[in-house]
Structure formats: structure tokens, C-alpha cells
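Worksheet: the structure to be examined is printed underneath.
In what follows, chains carry the letters A, B, and so on, assigned in the order in which the sequence lines appear, proteins first and then strands, with residues in each chain numbered from 1.
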Protein chains: 2
Amino acid sequence: MDDIARLVGVSKATVSRALQDSPLIADETKKRILEVARSNNYVVNRSAQNLRRRRTDTIGLVIDFPSLPEHRLSDPFHFELLGNIANALAARQQDVLWCSPQSAHAGGFENLLANKGVDGIIFIGQSGHHSELRALAKVGIPFVVWGAHRDDANYCVVGSDNLLGGRLVAQRFRKLKRKRPMFLGPKGHIEIDQRCNGFAQEWGSTIEQLEVADLSFMTSRNAVLAWLDSGKTLPDALFAGSDTMAMGALAAMRERNIEVPAACSVCGYDDSPSALHHSPALTTVRQDTRLAGAVLVERLVQIIQGNPAASVLLPTDLIERAT
Amino acid sequence: MDDIARLVGVSKATVSRALQDSPLIADETKKRILEVARSNNYVVNRSAQNLRRRRTDTIGLVIDFPSLPEHRLSDPFHFELLGNIANALAARQQDVLWCSPQSAHAGGFENLLANKGVDGIIFIGQSGHHSELRALAKVGIPFVVWGAHRDDANYCVVGSDNLLGGRLVAQRFRKLKRKRPMFLGPKGHIEIDQRCNGFAQEWGSTIEQLEVADLSFMTSRNAVLAWLDSGKTLPDALFAGSDTMAMGALAAMRERNIEVPAACSVCGYDDSPSALHHSPALTTVRQDTRLAGAVLVERLVQIIQGNPAASVLLPTDLIERAT
DNA sequence: ATCACTTTTGCAATCGATTGCAAAGAAGCG
DNA sequence: CGCTTCTTTGCAATCGATTGCAAAAGTGAT
């Protein structure tokens, strides 16, 4: 920057202001400076800028999946969400720093800001860390989380309305005149529990649950196979906590020649591509990841600017398809 | 840091060295400093550190898909790759800055380093930007790209052996005694072209290609439907350029009651989860994303340290499944 | 030409670390 | 005890911007 200043014959301060398009600088001067800067292809040094401004225009993204093996992001849903968050941030000239859960957690979340040099954090999935997040909020670190709502959250959580999603599925099963629905999914996973509860609420009674240990295709397939082979009566409708689990169930049913949807109607959750691509196409509950990304970012920016932001419950809708 | 120095009764320089675990500092002093630093939960300011060190320990990840609508990362393969790159970098204490293609390209790739403050760049997919990348390499910016090999690349590209992948598929079709194979995929997409060429090489003659405009499920499904309805003779083996396209083809075949694999054997590419979950399970060519991530990172680190690194061709293998 | 304003520019401090070099302290040896 | 050598520590410059405040230049009215 010194060089540019010398070349143009002004001071460093003037160059800095010109590059920021400050109204303090005369248009003519500004033009001259920008000209020279461009032709010498100079760009401001981000590190120096960050230091001086005490702000990095970068936010940290922490994806935490204690439930997934080896921290692999298998679920396409999260991928979509991620991409949309990145886009929403890019639109605001902010960058995304991907913090692996290991490294993020190593220094403790409260150090993440100074440590990684980010202005705020987006947590995807708060599952096991609720109390830590509460503490974080107390310290005043700007962050938002994607996940399920809970009354005792003193921080901003954005999530889709899992209760509503469950209810929509119940409505569909009722419309299809199903009598004996079953829920497929793990217990203790807060978002999935809410889907199940929403269903029960709307259905008017508790729902039988085929419990599985994780969210994977194979686990669900095996669980459903075991159920089918156990001789228990077949439900006439199955609500799976996610599309991946639904696909597992569908695979099992095909293997045992259960007609879908004739013998058993199936609903998934997430509207992942594979749900659409399956034949018969899987009925599922859609979460609007584009909106989700936009809202997460908007709230976080609010918070960074010092204005508290309330949690948001995003709408969901049922995509009726063949199953 | 000044505060910590005062608290311990040493100079700032000593604190800085102690925190870096420098051998210059006596163990006893070091311990005292670390103690105080921790109890005051002090962490070094990343921005200042970056500025002084002229290094950020952060690499930029640019995912560029001119071919995908709205910059959506629909393909699970890239998601996997991404996760594995992040893990490989985390293992080396490096962070990942996700650069959206828009913002990355806006300032021009050559400014990405200073502009975003990253030490190097990983490009996923070089498709349209070959000449820009050549220029980048000339300027001496450290980067690696994931993609297809080409002779005129003066930069380090890591990619899987698409030619080999194509050959493996040809071998399988021959083993299955198929006579009239067809290739499904777009033309002009360098990696997919290589897959097709590898097939033709091994098969011993060119292969008929059902050309599609993009990589999507629907486009492939529709193309295959149109083919089936056109009355042309059905191929007895179909090699799709990606799993997603293969799934589209399978959907079309199911709709027209073509028996797979009896009437037509099908191979995909990528080993995406949906390939495994489909029934019948899709035969596909696996790319080892974990290895890919590790190699990309290792090469980039090499280059950042000033040692040139050669391109790498990663092995692939065929996963034989029902189709 | 002087004065009061307004518009532009520059000076110099500052952000928070890292590091070369010199100095202080400790240890070893004759 | 004096001298050399090695181990520890501190001083102060430096990385490359941003910004409050003061100074200079320009404008217009008297």
C-alpha cells in the first residue's frame, strides 16, 4: 500500500480510504488511485486488515455429528444446508471457515473466535452440546445453531418444525385410511423424537416405534427385516425419521416382497434426492434448506452486530409421492 | 499477551516463545507462563499472528461447477471428497476456507491468496478454467486441483484414473458376455470423456453414446426413456458416466419394464450411497475419496513449502453388484 | 485581501503478535 | 577469581493495514 501511495503521490491513508470508497476522498483522486492499484494488481492484505479492524468477515461453521461414524457427513441434507449457508454468506461478502469438530472442540468452543479468527459461529446440530452452548451464550459469543428447539435454550436456534412435519405425516396416513402406523428411528435424537411426537399428537395416540441404533441405511434395513421375519403383524404405514432410514425400510420390504404402498405406505423425512429417484418415489417431508441457510446467516449477522435475535421455526411441507 | 507477560513477570517475547513451546525458554518458566495463560483463558490472536507470520495455516477450497445449476452441489461424491479434505487438513492443523465460486472468481483467482488470506488453494474441478490455472501456476501461486489429467497442465492435478475405471467396466461387460454396450453421459466433460475413452480402449472399438446435456437424474431418465420409446434396439449393457445418471437410466428401464440386469446390465461411477441402496444394487466404479483428500492435502503442503509436486493418478476399482 | 467554512489530504498511533540480536545470568574450567 | 561458553531472557523493529485528529487546500462572501 505504501508503494501505491508513492506511485500516485499521495499518502497511505488516502490510498486506504480510496480503496474503501470513502466519501472523504475526492472522486478524481479516488479514480487515480484505483487505476494504479489495479494496474499493479495490488490487493489489500487480509491479515493486516483483519488485525486492524478487529473483524474478519469470516464465520466458522461447526458440523458436529457425534452420531455419525468417523465424522463423515453422509447425509445429503446437511450437504445441501451447507451449500446454502455458504451462498447466503457469500451474498453478504462473508467467508466460511469450516471447522472440523475435532479442532473446534479441542480448544473449546469459547476459544474458537480468537483462535480461528472468526466473527461468529454457526453450529449445525447441537445434539450433545446443549450445556456448552448455554455457557457460550452467557459469555456473549455470537453464534446460532441449526437444530431442534428447546425451551431452555438461551441462544438462537433455527430449525424446521419437526412437530409439524410429524403431524403432516399423520394427516396423510389418515387420508390414506391407514390404521396401524409405525415409526422407524432411534430414540434420544432430539429432532427425530420431535417428528415422532408430532405424529403421535396429530394421530391422537402414541405410535409403535421400531427403534434403531443409528441413522444409517443398513441398520434400518436390518431392523425392518428382523421385524418382518419375526412374524409380528405388519403395520400398514411406516413413518421413518429420515429418508435414509426410509430407503433402508423400502429395501427390506422389497426383499420380503411387501408391496409398497399397497400393503404398507411409507413416509421419509428430508426430501433427499434419493427419495425422488427411488421407485416408487418416496413420500417425504421437505425442509427448505435454502431458506434455512438464509435465515441462519441473517440471524447470525444480527447477533454479531449486537442485536439479540430470537429463535426461528421454519415451515415444512409434505411432498406426496408414490409411497 | 502483554497482560500475561506482566502477570508472570516476564517479557512479551518470552510469553510468545513459551506459547510456541520454543526450546529457548526454560521449562520452569514455560510451565509458569502456560499456567497463567490458561487460567486467564488467553488465546493468541489469530489475525495478529497471521500478519506477523505471513502465513495463515488456512487453505482455500474452491468448488467450481459451471455445469451445475445455481451452484448447487448435488453430487454426493463431492460432498465426501470435501469432508475428507477437511479431515486431512485438520490433521495438519490447517483450516479450510470455503470460497464460493462467485466470490473466488470475482477478484480473480490470482488475488485469492492475499484477498482471502489463505496459504494455498484446492480447486475441485478445473473444467472450464484450464488456461486460467496455467496462468496461476506461472505466477507461482500454490494450488492443486482435483480433476482429470491433461498433458498440458503445468500444475499439480490429483485425480482418479478415469481411463482405468472405464476399462474395468469394459472388462466386466465382457465377462458378462455382453455384446452391444452403450455409454450414457454428456460430451465435453473431460473426466466423463475419459471414462468413455477408457471403455472404448479396452473394448476394442468405439462405443455408441447416448448423449445428454447435463449430469442430472432427470435428464438421463428422460434420455433413456426417449431411446427406449424410439424403437431402436436395446443395448445389453449400459455404462453411465456417474451414479446419478445410472439411477436415472434404471428408473427409465423400470418404467418400461426392462429387466436389469437380465436384459441390460448397468454400471455407474462414483460408488455413491444411493448406488448401494438401490435395488438391485448398482455396480459402480469406486473412487477413494479418503485417499484423494489425503493426497491433495499432502501435495498442496509440499507446494506451499516450495517443493514442486507431480500430479497423481489415483487407482480406482470396480464394485461388482447386482446390476 | 481577509475570514469563515467546507472539502481533501496527511501524520502518526494502533491493532497483537513474532523474531533477530544483544545482554544478562549460570555453569564449567584452569 | 577471571574467562569462556552456554542457556535464558528482553529490547525493539516489523508485519500491512485503519482511523482520529490536525493541517492544508479550496470556495465564496465580504
Side chains of residues 13-24 of chain B: which donor-acceptor pairs under 3.5 Å do they make with residues two or more places apart or in other chains?
unit_1: B:T14; atom_1: OG1; unit_2: B:S11; atom_2: OG; d: 3.1
unit_1: B:S16; atom_1: OG; unit_2: B:Q20; atom_2: NE2; d: 3.1
unit_1: B:Q20; atom_1: NE2; unit_2: B:S16; atom_2: O; d: 3.2
unit_1: B:D21; atom_1: OD1; unit_2: B:K30; atom_2: NZ; d: 3.2
unit_1: B:S22; atom_1: OG; unit_2: B:L24; atom_2: N; d: 3.0

Open item on the list: Once salt bridge (Lys or Arg N to Asp or Glu O under 4.0 Å) is applied, what residue pairs with a partner in residues 5-15 of chain A remain, sequence neighbours excluded?
Closed with: A:D3-A:R6

- [ ] Within residues 14-29 of chain A, find the residues that approach DNA chain D with a heavy atom at under 4.0 Å, and present them sorted by residue number.
- [x] A:S16, A:R17, A:Q20

Do the side chains of [Y] and [X] get nearer than 4.5 Å, heavy atoms only?
X	Y	answer
B:L89	B:L61	no
B:N41	B:S39	no
B:D57	B:R46	yes

Just distance, no hydrogens or angles: give the donor-acceptor pairs under 3.5 Å from side chains in residues 134-149 of chain A, sequence neighbours left out.
unit_1: A:R134; atom_1: NH1; unit_2: A:D152; atom_2: O; d: 2.2
unit_1: A:H149; atom_1: NE2; unit_2: A:V312; atom_2: O; d: 2.7

- [ ] Map B:A48 and A:R52 onto DNA chain D by nearest heavy atom, then report which one ends up closer to the 5' terminus.
- [x] B:A48

Task: Short N-O contact, A:E35 and A:K31, less than 4.0 angstrom - done: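 Looking at A:E35 and A:K31, the cut-off is not met.
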
Task: First and last nucleotide of DNA chain D, 5' to 3', lying under 4.0 Å from heavy atoms of chain A - done: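 With heavy atoms of chain A under 4.0 Å away, the range is D:dG16 to D:dC21.
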
TODO: Would you please name every residue forming a salt bridge (charged side-chain N to carboxylate O under 4.0 Å, His left out) with A:R53, sequence neighbours left out?
DONE: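 For A:R53 there are no salt bridge (charged side-chain N to carboxylate O under 4.0 Å, His left out) partners, ignoring immediate neighbours.
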
